[in-house]
Amino acid sequence: MKAAPIFEAGSHRWWILYDQEERRVIDANVYVMESNGQSLILDPGGFEVFPQVFAALVEVIPPSSLKAAFVSHQDPDIASSLPLWHACNAQIQWHIPKLWEGFIRHYGALEAPLQNIPDEGGDVLIGGRRLEFIPAHYLHSSANFHVYDPEAKVLFSGDVGAALLPPGHDAWVGRRDRTGRAFDEHIAKAKYFHQRWMPSNAAKKDWINRVSQLEIEHLCPQHGAIYSGENVQRFLNWFDELTVGMGIRP
Amino acid sequence: MEIQHIMQVVDASFVARQSIEKSLREIDRRALNAMVLVKRHGNTLAGYGVVAQAFRERAANLKESASHLQETIAPLIQAHMRILQHQRFVASFSAIAQAMAQYGQICASLENIRTRWRDTIAREEVEARKILLRLIATVDVLQEGIEEQEYVVTNGRIEAALAEDTGAPLMRVSRDMGEAVRTVSNAIRTYRHQLESLAYESSTDI
């Protein structure tokens, strides 16, 4: 797995850990935010990829700086590594959707300190910086949150924006491409994911309306590559037009 | 092996790598400053020029040696985290076996699978120890490079004393060089000490 910086302003930094080596499980990105020596890990990944996520993490932060972890929803590729992180550092506070508490403890984390995020969202303070938990219910999970950092203008968007990319993929969607061609090529690999995994057009519209109010420089999905600059608006427009929930055909 | 001890070493690896990289950048900067100073004074500081050049070349070698550090740290961390992962399996099978025993039931295949995972962990511990010894050897190479650099700094001090009448602030330059080398030397020594303690613990486990 590789580590790459997304944002840096003094002691405030964001990283992506991406392109995992284990291909038998779905490739997932892990994000890390550090502020004044304290860190938050976002969707820390599955049990099977824990060793490589941990090794990649140590390239960018000392693990003792981890104060909190964020779990966007209950899926195993997001939270099944929880008991291993807890074994390494029992002080980590786990911010999880309240609805999923009893489910997430099934991963073998009866003792872990879980902080429930209510349906309406909330926030967390890491190293003096406030991050917002933005509700993204039914995208795709019934209790689902994204994280917004207003200073860095980073939106961690969970499965929204996800794409299924081949091994060795880049961390960004054509950052230097101004024409939009790189976006068009990329989004073809995101289409099925959104059509099939996202169940609700109403939830999608509601999310787009709320997220459009935010200033976003980097939209960071849990699978695939980061949308930066103009690609953020391109993505929001594309998603707005897409019909989701294709598992049920009228 | 205690996971908390491994975590301490993991943290120490991060701190050591950061400190070494920062100090090496500083050493390179000091060496470059010294060379600029020598150039400004023309032939009068030719002797010190040789020292500054040697200092810079060794700084480049140290950077090269340090770059191999991360290549060995990552596999060591992965190896230990894999062991942690597999220990969870053993713990989980043990819990099931215990629960069954309360009802007077014994499951032979459960015991077999638990033994297989224990054997796997034992093999992984041997492998992790090999990686750790490789990392210590990499740190040793770095330490040797630092000792050579300390020798160059001493030569620099002698040359600076000889060229004192030129008015160039060579003593200060040499002192700065010495300080930069001492910082990285201390960081490496501390790190090696931590790795040795992990190696000792792993040798008693295996």
Side-chain angles (χ1 to χ4, degrees), chain A residues 1-5 8 11 13 15 17 19-22 24-25 30 32 34 37-39 41 44-67 76 79-92 105-112, chain B residues 1-22 66-96 99 117 120-121 124-125 127-128 131-132 135 187 190-191 194-195 198:
Chain A
M1 241 175 152
K2 302 169 214 162
E8 181 165 0
S11 63
R13 302 183 189 94
W15 285 277
L17 313 179
D19 194 22
Q20 72 193 32
E21 286 104 37
E22 176 58 72
R24 287 171 292 179
V25 294
V30 174
V32 180
E34 187 192 26
Q38 295 193 352
S39 316
I41 187 165
F47 188 92
E48 292 298 340
V49 294
F50 170 75
Q52 47 187 283
V53 171
F54 196 93
L57 176 95
V58 177
E59 283 189 38
V60 295
I61 57 155
S64 60
S65 73
L66 274 180
K67 299 296 167 214
S80 62
S81 61
L82 198 160
L84 299 172
W85 289 100
H86 181 63
C88 290
N89 183 351
Q91 306 306 314
I92 296 175
R105 288 210 189 271
H106 265 296
Y107 288 131
L110 293 177
E111 308 301 328
Chain B
M1 205 182 303
E2 268 287 308
I3 184 68
Q4 288 321 315
H5 192 183
I6 291 162
M7 291 306 289
Q8 280 168 10
V9 173
V10 170
D11 265 325
S13 295
F14 182 87
V15 173
R17 197 165 47 81
Q18 293 262 307
S19 166
I20 290 166
E21 278 169 13
K22 194 176 158 208
S67 69
H68 297 302
L69 210 58
Q70 182 56 27
E71 289 166 21
T72 322
I73 289 172
L76 179 70
I77 293 170
Q78 284 210 35
H80 279 293
M81 294 306 140
R82 210 169 297 122
I83 291 168
L84 176 68
Q85 207 180 23
H86 295 158
Q87 281 167 341
R88 290 290 301 194
F89 291 147
V90 173
S92 161
F93 290 128
S94 298
I96 297 168
W117 277 115
T120 301
I121 291 169
E124 286 169 340
E125 279 176 342
E127 189 52 38
I131 300 171
L132 175 61
L135 178 58
T190 308
Y191 185 43
Q194 278 154 329
L195 291 177
L198 187 64

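The figures that follow rest on heavy atoms only: side chains count, while hydrogens, waters and symmetry mates do not. Owing to the predicted nature of the structure, the values given are computational and were not obtained by experimental measurement. To find a chain, count down the sequence lines: A is the first, B the second, and so on, and within it residues start at 1.
Contacts of R88(B) with chain A are made by side-chain atoms alone, with heavy-atom separations under 4.5 Å and no backbone atom involved. Proximity to chain B (any heavy atom under 4.5 Å) is shown, for V53(A), by neither the backbone nor the side chain.
The neighbour count for K22(B) NZ, taken as heavy atoms of other residues, nucleotides or ligands under 6.0 Å away, does not exceed 12.
Contact record, F54(A) with V10(B): CE2-CG1, 3.9 Å, taken as the closest heavy-atom pair. Heavy atoms only, all atoms of each residue included: A55(A) and Q78(B) are closest at CB-CG, 3.5 Å.
Taking CD of Q52(A) as the reference point, atom CE of M81(B) lies at 13.5 Å (rounded to 0.5 Å). Here the CD atom belonging to Q18(B) is positioned 11.0 Å from the CD1 atom belonging to I61(A), to the nearest 0.5 angstrom.
Looking at Q85(B), its side chain does come within 3.5 Å of a backbone N or O of F47(A) through a donor-acceptor pair.
Ranked by non-hydrogen atom pairs under 4.5 Å with chain A, the options D11(B), L84(B), I77(B) are led by D11(B).
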